[in-house]
Amino acid sequence: MMAAVSQESRNTPSEVDVGSPPPASADASATLQNSPRPKKHPVLQWLSRLASGIILDIRARAPHYVSDWTDAWNYRVVPATFLIFFANVLPGIAFSLDLIETTEQYGVAEVLLSSFMCAFIFSVFGAQPLTIAGVTGPITVFNKTIFDILEREPNPPNYLHFIGWVYLWAAIIHWVTAILNWCNFLRYVTLFSCDTFGFYVSWVYLQYGIQVLTRQLQASDSNGNLPGALVSILLAVLMLVVSFLFQTLSAKTLFHRHVRRFFADYGMPISLIASSAMAYWGRFNATNPQTLPVGGAFQPAGDRDWLVKFWQLEGKWVGIALPFGIILWILFFFDHNVSSLMAQGSEFPLRKPPGFHYDFFLLGVTTFLAGLLGIPAPNGLIPQAPIHTTSLTVLGRPQVKEDEERLNEKSPDYNPESTKEEAISVVEQRVSNLAQGSLCLILLTGPFLHVLNLIPRGVLAGLFWFMGADALRGNGITVRILYFFRDKHLTPKTEPLRRVRKSRILMFLAIQLIGFGATFAITQTIAAIGFPVIIMLLIPVRTWLIPFLPFTAEELAILDGPTASPFTMESVGGSL
């Protein structure tokens, strides 16, 4: 299998004259090797490296393109498609509810079209098809904040025209970033930044779940439907509890391992369907809990045209849109690339090379198209991207030596079902991403929009809580916090944190929590537009500040590390 290209080959163009004849003798060969090679002018060297990352990403991934489709002939693709569909489209719609109701410039159709567009482009043309992209909470905060800022102006511009220019500026910077190989800065992204950002995203999910319910309680004051709001709270709790019940059963020793894997694959979709059905059972149905709002099939909000003529914007607003485009680029550079890193984390036994430069160029294309169509700009999703890879992971029992296996079989306590399974491979293909995006397009048809309209908002709140709490459980910050509450006598002696001084763990945690707190706090103010800057500052803090604090090399190696394996990081020149 073709491995990813090394950084040296990315940044140092070949200067060998492939057209020269071979030396006639060993002496001639030695003379040729010892003779000084002509050096290129610095400007020519720089020009020769332009877009080298994109080119080498394509070269590395192209040999696997056919197998990306043929390898999809695997059962793991089926549960992965349905799991990521429910985990992608419904939170995307729920995230956009505030944006939809406040601006009246977007609708459910825009969110679904955005999800389909990015799924189609990244699954068919992308270098990293495992990365799931869609509408996220940060982009809805970004778009709503811009709307609030413009509304304060005495003579505001057309909102979608202004957003179109913001997206166009951001797309141009995306393309420049990919051409100049700036994705190589991802080598500085470690678990410190990913855990902090993942911790922030998890709390955003929990916060949005609460907001979905509080908006219904506020609405009940005006329409007098307090029972409906209370039923929504019950449905949210039901969705949360049943989802965790299925997940817990999948990790126990109960039932056959195939049944446990079924719980892991379909537990969340079953919980969502069952919780939604409860809203129409008995007296629950009489309370009329709020459901998802939908519009006409394939119809944009406000009866506008799908094509946004943003070039008609007044000149001064074009210039004002530039700094907003820079902020959007900062958000997507970190958010999308971190999502890609986490989808290809070191815990996954991946065999196909990545392509960060090329995919970031494609993200510029989707950002531009989003502005042209008047839809929210999609980008990589956390935690959906790693969830997608996890659902595609093939589990198996660890290999043991034959003599050891025979001894185990003779033991009276031997139980083959008790042998813990581990990840042995990942079904690396493009079909699951394309299929879940196509389901988003199918939802835009009239009959399925009606089905979508039947889903109670309370169930979506429970889905937010489940995904946020599940992401928090595996986050590095949570793991280190819980370490202090664990019984020392029940903590394994092999626990790496035992080799780190508690004061240093607290210091490391304090820096991460300060970064999280600053990011979360700013999103609650009118200055929320600047939260991507704080997120990006996590990288220089880890690179330039933390190494000068009183940590030993061993302690830093335990507390932090590269997000992905060396194989994945080769696309951006390796990890530090």
Side-chain angles (χ1 to χ4, degrees), residues 87-100 102-103 106 110-111 114-115 118 131-149 163 166-167 170-171 173-174 189 193-212 323-343 360 363-364 366-367 370-371 375-386 464 467-468 471-472 475 515-539:
N88 176 14
V89 63
L90 295 180
I93 294 174
F95 270 130
S96 304
L97 284 178
D98 192 24
L99 183 66
I100 292 171
T102 302
T103 66
Y106 298 105
E110 281 82 354
V111 178
S114 178
S115 299
C118 61
T131 302
I132 299 297
V135 179
T136 64
I139 191 61
T140 57
V141 171
F142 180 85
N143 281 14
K144 184 179 180 298
T145 305
I146 290 179
F147 180 83
D148 293 337
I149 293 174
I163 286 291
V166 171
Y167 286 3
I173 304 174
H174 277 64
V189 177
S193 303
C194 293
D195 285 343
T196 307
F197 184 63
F199 198 75
Y200 161 74
V201 172
S202 300
W203 279 101
V204 167
Y205 270 77
L206 297 175
Q207 180 196 29
Y208 264 83
I210 296 173
Q211 286 182 355
V212 169
F324 291 97
I326 295 174
I327 293 175
L328 181 60
W329 164 74
I330 293 174
L331 171 64
F332 280 7
F333 182 84
F334 191 91
D335 196 354
H336 184 82
N337 286 316
V338 167
S339 300
S340 299
L341 284 171
M342 295 179 70
F360 199 69
L363 187 64
T366 59
T367 303
I375 60 179
N379 74 299
L381 298 176
I382 299 175
Q384 287 90 336
F464 272 125
M467 295 184 65
L472 275 180
N475 188 274
F516 154 72
T519 307
F520 195 82
I522 197 175
T523 56
Q524 311 305 311
T525 68
I526 190 62
I529 197 73
F531 79 94
V533 178
I534 297 180
I535 294 173
M536 185 62 78
L537 287 177
L538 294 172
I539 299 176

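Residue numbers run from 1 in the order of the sequence given.
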Is there side-chain contact between Tyr208 and Thr140, with at least one heavy-atom pair below 4.5 Å? yes
Separation between CG of Asn379 and CG of Asp335, rounded to the nearest 0.5 Å: 4.5 Å
Atom CD1 of Ile535 and atom CZ of Phe333: how far apart are they, to the nearest 0.5 Å? 13.5 Å
Please report the closest heavy-atom contact between Gly515 and Ile534, naming both atoms and the distance. O-CG2, 4.3 Å
Side chain to side chain donor-acceptor pair (under 3.5 Å) filter on Asn143, not counting sequence neighbours, yields Tyr106, Tyr167
Is the ring pair Phe95/Tyr205 parallel, tilted or perpendicular, if the boundaries are 30 and 60 degrees? perpendicular
Non-neighbouring partners of Ile330 that pass side chain to side chain contact (heavy atoms under 4.5 Å, CB included), sequence neighbours left out: Ile326, Pro532, Val533, Met536
Taking side chain as C-beta onward, heavy atoms only, is Thr519 less than 4.5 Å from Phe516? no
On a heavy-atom basis, the closest approach of Cys194 and Val189 is SG-CG1, 3.8 Å
To the nearest 0.5 Å, how far apart are CD in Glu110 and CD1 in Ile93? 11.5 Å
Taking every heavy atom of Cys118 against every heavy atom of Thr366, the minimum-distance pair comes out as CA-CG2, 4.5 Å
Listed partners of Gln211 passing side chain to side chain donor-acceptor pair (under 3.5 Å), at least two apart: none
Gap separating the OG atom of Ser115 from the CG atom of Leu90, nearest 0.5 angstrom: 10.0 Å
Pairwise side-chain contact, Asn337 with Phe332, heavy-atom cut-off 4.5 Å (strictly under): no
Residues in side chain to side chain contact (heavy atoms under 4.5 Å, CB included) contact with Ser202, at least two apart in sequence or another chain: Ala471, Leu472
For Ile139 and Leu328: C-alpha separation, side-chain torsions, deciding distance, then whether side chain to side chain contact (heavy atoms under 4.5 Å, CB included) applies. CA-CA 8 Å; Ile139 191 61; Leu328 181 60; 3.6 Å; yes
List the atom of Gly380, the atom of His336, and the distance in Å for their closest heavy-atom pair. N-ND1, 2.9 Å
Report the residues that fulfil side chain to side chain donor-acceptor pair (under 3.5 Å) with Asn475, sequence neighbours left out, ordered by chain and then residue number. none
d(Phe324 CZ, Ile146 CD1) to nearest 0.5 Å is 5.5 Å
Kindly give the heavy-atom pair with the smallest separation between Pro378 and Ala370, and that separation in Å. CD-CB, 4.3 Å
Kindly say whether Ala87 contributes a backbone atom to a donor-acceptor pair with the side chain of Gln384 at under 3.5 angstrom? yes
Over all atoms of both residues, closest heavy-atom pair of Met342 and Pro386: O-CB, 3.7 Å
Partner set under side chain to side chain donor-acceptor pair (under 3.5 Å) for Tyr200, not counting sequence neighbours: none
Are Ile210 and Phe464 close enough that some pair of their side-chain heavy atoms sits under 4.5 Å apart? no
Tell me, with the steps shown, if Thr367 and Trp329 meet side chain to side chain contact (heavy atoms under 4.5 Å, CB included). CA-CA 10 Å; Thr367 303; Trp329 164 74; over 6 Å; no
For the residue pair Val338 and Ser193, establish whether any side-chain heavy-atom pair is separated by less than 4.5 Å. no
Roughly how far, to the nearest 0.5 Å, is CD1 of Ile327 from OG1 of Thr145? 10.0 Å
